[in-house]
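Accompanying notes for the structure given below.
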Amino acid sequence: MEQKTIVDQPEPVTKVSAPVFKGEEVGTFTRASDNNWRSKNIPMAMEPALTQPGLGVTTTTITTITQTGGEWSTGLFDICGDKTTCMLGALVPCCLDLSLAHQYGECLCLPLLPGSTFAIRVGIRERYKLRGSVCEDWATVCCCYPLAVCQMIREMKRRMKSQTYQVSTTLECS
């Protein structure tokens, strides 16, 4: 389970408040006095308030739940479950490899590099904590390239569907 917390606090807004006078006597006049209260003995303005109380802190927590562990969700020869992937894998596996790189979050040029499909297969196995070894991955990609690409596409589709996002937002007033 992966958790990210994003905290967003708005910038304080500048506010100038009206002068505040206390009811104490200044010079010969008081604040409550009606006659000539703007005497030169009374200060013209007090220090303004430069900030107002904050609007609060907004905390957003995003929780991603991904199924991990175990075996590959489909076998290497389970090609009948997804007919589109099966057809693309049989006719143009290199185009399917481009789609796989995109789903994995890599550059579309990655499949042009030697060994990239092997690297993506190892990465998928590590990301989802699937059982297996680097030797098994190498043998699968080298001996059964179209079937390996189809299996990886099916795995990515199933794992991407099973992700659950839970978003919760709280506002704390300051």
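- When all heavy atoms of S116 and P111 are compared, the pair lying nearest together is OG-CA, 3.2 Å.
- From I120, atom CD1 reaches atom CZ of R127 across 10.0 Å, with rounding to the nearest 0.5 Å.
- For residues 85-101, every residue pair satisfying the side chain to side chain donor-acceptor pair (under 3.5 Å) rule, not counting sequence neighbours, is listed here: D82-T85, T85-K157, D97-T117, D97-Y145.
- Under the side-chain contact (heavy atoms from CB on, under 4.5 Å) criterion, L108 pairs with H102, sequence neighbours left out.
- For residues 130-139, the set of pairs meeting the salt bridge (Lys or Arg N to Asp or Glu O under 4.0 Å) definition, not counting sequence neighbours, comprises E71-R131, R121-D137, R125-D137.
- Rounding to the nearest 0.5 Å places CG of L100 at 9.5 Å from OH of Y104.
- Once rounded to the nearest 0.5 Å, the distance linking CD1 of I153 with SG of C86 reads 13.0 Å.
- The distance from the CG atom of L88 to the NZ atom of K83 is 14.0 Å, given to the nearest 0.5 Å.
- Summarising the geometry of P146 relative to G89, their closest heavy-atom pair is CB-O, 3.4 Å, with the distance given to 0.1 Å.
- Expressed to the nearest 0.5 Å, how far CD of Q151 lies from CD1 of I124 amounts to 9.0 Å.
- E155 meets the side-chain hydrogen bond (donor to acceptor under 3.5 Å, both in side chains) test with S73, R159; sequence neighbours excluded.
- Here F77 is tied into one hydrophobic group with L76, I79, L147, each link being a pair of ILVMFWY side chains closer than 4.5 Å.
- With a 4.5 Å cut-off on side-chain heavy atoms, Y128 and M156 count as touching.
- In the hydrophobic clustering of this structure, L112 does not group with L110; members are Ile, Leu, Val, Met, Phe, Trp, Tyr whose side-chain heavy atoms approach within less than 4.5 Å, directly or through other members.
- Atom CZ of F118 and atom OG1 of T140 lie 10.0 Å apart (nearest 0.5 Å).
- With sequence neighbours excluded, the residues forming a side-chain hydrogen bond (donor to acceptor under 3.5 Å, both in side chains) with T74 are R154, listed by chain and number.
- Sorted by first and then second residue, the salt bridge (Lys or Arg N to Asp or Glu O under 4.0 Å) pairs involving residues 108-120 (not counting sequence neighbours) form an empty list.
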